[in-house]
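Okay, so here's the structure we're looking at.
Below, read A as the first sequence line, B as the second, and so on, with proteins coming before strands; counting in each chain starts at 1.
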Amino acid sequence: MCGRYASARKKHELLEEFQVELDGDPDQELGADYNVAPTKNVYAVLSRVPKEAERAVRQLRIVRWGLVPAWAKDPSIGSRMINARAETLAEKPSFRQAFAKRRCLLPADGYFEWMPVEGDDGKKRKQPYFIRPDDGGVLAMAGLYEFWKDPSRADDDPLKWLVTCTVITTDAEDELGRIHDRMPMMIEQDRWAEWLDPKLTDAETVSGLLVPASPGRLAAIPVSTDVNNVRNNGPDLIKPLPPEEAPALF
DNA sequence: CCAGACGTTGTT
DNA sequence: GTCTGG
DNA sequence: CCAGACGTTGTT
DNA sequence: GTCTGG
């Protein structure tokens, strides 16, 4: 699955790597985040037709992780909507609309998975792994975004509309499956444009874009349990553990 | 009809 | 044990 | 995903 | 808002 990831690239790098036309939040830049957790703000690449325009424009926006459906009475439900199963997206009431019209990419340097292991003392513990492309390239996780109108705020309040997102999950490929049986769905660069196209609303066609990532591109690196606590952050969280402290993977 | 859910993961 | 918050 | 709370009243 | 269960 995907319940934690890293996103440390600068905004200008993302604008370039994702061939973004419009910076949706020109006044805001997120700091390098090596411990992105649910409810935090993240970058999303999406394509929408701006007001009074006729053409969809690829843009980079800051959204909150944890999708709040339009019908929610309050936004707290978002912390339980951090993932959406690729297999059932098209039917689930919480995701169906977003799947048809509001798909996005969530840029990541890599994501974290916790593997249950037996410690030297026989006690159960969990070893975190950082999973990232072995060539250091950017990951484009498939996501959905949604708008939620906050009834407690005035119409002219800039916070009237909350924009949230969820990460789509799929079965993990063989090697990664040993750590965890689910993983975030990745979109290859040659499918970005189609995935983001808001005019493409046919569920079957869109589902066809959700193909498992090509295997063998990702490396799983054992890291310190410092990542467990969301208050910790910084590049040390993705540093490989010294070999003597790293449990044998396979 | 109304009430209540609407989600995923992992673990036992 | 289970829910909420980050 | 993991960590941390899990509660109410009244008083400062 | 829309679906499911009773």
Check: What is the nucleic acid contact for A:Tyr5, judged by heavy atoms within less than 4.0 Å: base, sugar-phosphate only, or nothing?
Finding: nothing

Check: So, are A:Arg182 and A:Glu87 salt-bridged, with charged N and O less than 4.0 Å apart?
Finding: yes

Margin query: Need one value for A:Ile77: base, sugar-phosphate or nothing, where a base atom within 4.0 Å counts as base even if backbone is also close, heavy atoms only.
Written below: nothing

Next item on the list: Rounded to the nearest angstrom, tell me the gap between atom CG in A:Asn229 and atom C1' in C:dG5.
Entry: 12 Å

Margin query: So if I take every side-chain heavy atom of A:Trp71 and compare against E:dT2, B:dG7, B:dC6, which nucleotide ends up nearest?
Written below: B:dC6

Notebook entry, point to check: Base, sugar-phosphate, or nothing: which does A:Thr169 touch, judged by heavy atoms less than 4.0 Å apart?
Noted result: sugar-phosphate

Check: Where the side chain of A:Val230 is defined as all heavy atoms beyond and including C-beta, which of C:dG6, D:dC2, E:dG1 is the nearest nucleotide?
Finding: C:dG6

Notebook entry, point to check: What interatomic distance, in whole Å, is found between P of B:dA3 and the corresponding atom of D:dG7?
Noted result: 27 Å

Margin query: Can you see if the side chain of A:Arg85 gets near the phosphate of B:dT8 - specifically, an N or O under 4.0 Å from OP1 or OP2?
Written below: no

Next item on the list: Classify the nucleic acid contact of A:Asp181 as base, sugar-phosphate or nothing, counting any heavy atom under 4.0 Å across all strands shown.
Entry: sugar-phosphate

Notebook entry, point to check: Which value, in whole Å, describes the distance between the P atoms of nucleotides B:dC6 and D:dG4?
Noted result: 29 Å

Note to self: Any strand counts, and the cut-off is 3.5 Å on both contacts for Watson-Crick or G-U wobble. Which nucleotide pairs with B:dT8?
What the structure shows: none

Checklist line | A:Trp65/A:Tyr5 aromatic ring centres below 6.0 Å | finding: yes

Item checked: From A:Ile131 atom CD1 to A:Cys2 atom SG, the distance as rounded to the nearest 0.5 Å -> 9.5 Å

Check: Among side-chain atoms of A:Asp33 and A:Asn233, is any donor-acceptor pair under 3.5 angstrom?
Finding: yes

Checklist line | Nearest-Å distance once atom P is located in both C:dC3 and B:dA5 | finding: 12 Å

Note to self: Can you check the distance between B:dG10 and D:dC2, where both ends of the measurement are the C1' atom (answer in whole Å)?
What the structure shows: 13 Å

Margin query: B:dT8, OP1 or OP2 - any side-chain N/O from A:Arg80 closer than 4.0 Å?
Written below: no

Notebook entry, point to check: Side-chain N or O of A:Arg96 less than 4.0 angstrom from OP1 or OP2 on E:dC3?
Noted result: yes

Margin query: My understanding is that a pair needs two contacts under 3.5 Å, Watson-Crick or G-U wobble. By that rule, which nucleotide pairs with C:dT4?
Written below: D:dA3

Checklist line | Touch class at under 4.0 angstrom, heavy-atom based, for A:Pro116 against every strand present | finding: sugar-phosphate

Note to self: Strictly below 4.0 Å: does A:Arg231 bring a side-chain N or O up to OP1 or OP2 of D:dG4?
What the structure shows: yes

Next item on the list: Determine the interatomic distance between P on C:dG1 and the same-named atom on B:dT8; round to the nearest Å.
Entry: 24 Å

Next item on the list: Using only side-chain N and O atoms of A:Asn83, determine if any of them is under 4.0 Å from OP1 or OP2 of B:dG7.
Entry: no

Notebook entry, point to check: How are the rings of A:Trp114 and A:Phe112 set to each other: parallel, tilted or perpendicular (split at 30° and 60°)?
Noted result: tilted

Check: With respect to the phosphate group of B:dG7, does any side-chain polar atom (N or O) of A:Ser94 fall under 4.0 Å of OP1 or OP2?
Finding: yes

Next item on the list: Could you tell me whether A:Pro69 contacts a base, only the sugar-phosphate backbone, or nothing, with contacts defined as non-hydrogen atoms closer than 4.0 Å?
Entry: nothing

Note to self: With side chain to side chain donor-acceptor pair (under 3.5 Å) as the test, pick out the partner of A:Arg153 among A:Asp155, A:Asp157, A:Asp156.
What the structure shows: A:Asp157

